[in-house]
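See below for the structure under consideration.
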Amino acid sequence: MNVLARFHLIILVFSITALASANEIMKPGAWENVMVVEADHPKTGQRVVVNETRTTLCLTEKFLKTDPYLNAGIDEEKMHQRHANCMIVDFTRGDLSASWTMSCTMADGKEVNSNFEVTVAELRTTTRIRQSMEQDGKTIRLDSLVESNYVSECTDEMPRP
């Protein structure tokens, strides 16, 4: 698995599972999530967008009561499947924001550090993820921004986390 694929995997796993007491802040319903991932171009060093995704999920009141967004969490099963060993350090939480660092050792022995900064409001959440990894004597950086906005009531066909 190449470096960018590893970073995308970690970003997706944790932006969905580790993105207040949310049940009292965020409005249940359909939320549109836009994730933009930037990295340094290996030859020019210039910042480039390497991935942009847009999804809509139905966040139910029941799901939001699990307090999913401001609590740092690791999906142990997914990390085990990918032979990654991860831990959370430097966790800080306020009423409407949280930050933490997730440090992972990948199957090949490489270290990946991801710094998360999350803010929530009734109709909007923002998650910034800054990742770094040493490879071939160079530090590879990926920066991701996940902006989530309430868009409507849920429909039956919308996916749910």
Side-chain angles (χ1 to χ4, degrees), residues 1-39 49-107 112-133 142-161:
M1 180 184 294
N2 71 32
V3 173
L4 289 179
R6 283 186 193 152
F7 280 138
H8 289 141
L9 169 69
I10 290 171
I11 289 168
L12 289 174
V13 167
F14 292 100
S15 67
I16 291 172
T17 62
L19 277 182
S21 173
N23 61 324
E24 296 175 4
I25 298 169
M26 295 173 62
K27 183 174 181 172
W31 284 73
E32 181 181 60
N33 305 293
V34 177
M35 179 192 302
V36 177
V37 181
E38 293 182 339
V49 173
V50 295
N51 190 24
E52 185 169 340
T53 59
R54 183 178 304 264
T55 59
T56 301
L57 294 173
C58 174
L59 301 183
T60 63
E61 185 174 354
K62 181 179 178 180
F63 173 75
L64 292 173
K65 283 184 179 182
T66 66
D67 199 21
Y69 291 96
L70 292 180
N71 286 321
I74 297 173
D75 187 328
E76 297 289 344
E77 183 178 324
K78 286 185 181 178
M79 292 301 100
H80 179 73
Q81 290 171 359
R82 290 162 176 84
H83 307 287
N85 182 20
C86 301
M87 67 180 177
I88 302 294
V89 295
D90 299 329
F91 177 72
T92 304
R93 179 178 169 161
D95 291 338
L96 300 174
S97 64
S99 64
W100 63 89
T101 298
M102 181 177 63
S103 295
C104 297
T105 303
M106 307 309 287
V112 178
N113 293 302
S114 305
N115 297 311
F116 291 77
E117 295 175 5
V118 182
T119 59
V120 298
E122 180 183 20
L123 303 176
R124 179 178 178 82
T125 69
T126 302
T127 303
R128 293 183 190 283
I129 308 163
R130 292 178 178 86
Q131 294 182 300
S132 63
M133 178 178 157
L142 275 175
D143 296 324
S144 302
L145 176 63
V146 182
E147 295 181 313
S148 304
N149 293 289
Y150 174 85
V151 290
S152 67
E153 296 295 320
C154 292
T155 61
D156 290 340
E157 66 274 357
M158 282 182 185
R160 287 153 170 77

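We count residues from 1, following the sequence as given. Being a predicted model, the structure only gives us computed values, none of them experimental.
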Atom pairs and distances, side-chain donor-acceptor, residues 152-159, under 3.5 Å, sequence neighbours left out:
residue: Glu153; atom: OE2; partner: Tyr150; partner atom: OH; Å: 3.1
residue: Thr155; atom: OG1; partner: Glu157; partner atom: OE2; Å: 3.0

Check: For Gln131 and Val112, which heavy atoms make the closest approach, and how far apart are they?
Finding: NE2-CG1, 4.3 Å
Note to self: Going by the rule side-chain hydrogen bond (donor to acceptor under 3.5 Å, both in side chains), which residues pair with Ser97 if we only count those two or more places apart in sequence or in a different chain?
What the structure shows: none
Notebook entry, point to check: CG/Leu145 to CD/Glu52 distance, rounded to the nearest 0.5 angstrom?
Noted result: 10.0 Å
Checklist line | Residues that Arg128 engages under salt bridge (Lys or Arg N to Asp or Glu O under 4.0 Å), provided they are two or more places apart | finding: none
Check: Around atom CD of Glu77, are there more than 12 heavy atoms of other residues, nucleotides or ligands at under 6.0 Å?
Finding: no
Item checked: Close side-chain approach of Pro28 and Thr60, heavy atoms under 4.5 Å -> no
Check: Atom CE of Met35 and atom CD1 of Ile129: how far apart are they, to the nearest 0.5 Å?
Finding: 6.0 Å
Checklist line | Ser99 and Asn115, any side-chain heavy atoms less than 4.5 Å apart | finding: no
Check: Looking at CD of Glu122 and CZ of Arg124, how far apart are the two atoms once the value is rounded to the nearest 0.5 Å?
Finding: 14.0 Å
Margin query: Minimum heavy-atom separation for Trp100 and Leu70, please, with both atom names.
Written below: CZ3-O, 4.3 Å
Next item on the list: Among Asn33, Thr55, Thr127, Thr126, find the residue that satisfies the side-chain hydrogen bond (donor to acceptor under 3.5 Å, both in side chains) test when tested with Ser148.
Entry: Asn33
Notebook entry, point to check: For Glu76, what residues pass the side-chain contact (heavy atoms from CB on, under 4.5 Å) criterion, not counting sequence neighbours?
Noted result: Ile74
Next item on the list: State which residues pass salt bridge (Lys or Arg N to Asp or Glu O under 4.0 Å) with Glu117; sequence neighbours excluded, sorted by chain then number.
Entry: Arg130
Notebook entry, point to check: To the nearest 0.5 Å, what is the distance between CG (Asp90) and CZ (Phe116)?
Noted result: 13.5 Å
Notebook entry, point to check: How long is the span from the CG atom in Leu96 to the CD1 atom in Ile25, to the nearest 0.5 Å?
Noted result: 4.5 Å
Item checked: Pairwise distance NE2(His80) to CG(Asn85) - rounded to 0.5 angstrom -> 11.0 Å
Next item on the list: Please identify each residue that fulfils salt bridge (Lys or Arg N to Asp or Glu O under 4.0 Å) with Glu32, with sequence neighbours left out.
Entry: Arg54
Next item on the list: For Met26 and Ala121, work out which heavy atoms get closest and say how close.
Entry: CG-O, 3.6 Å
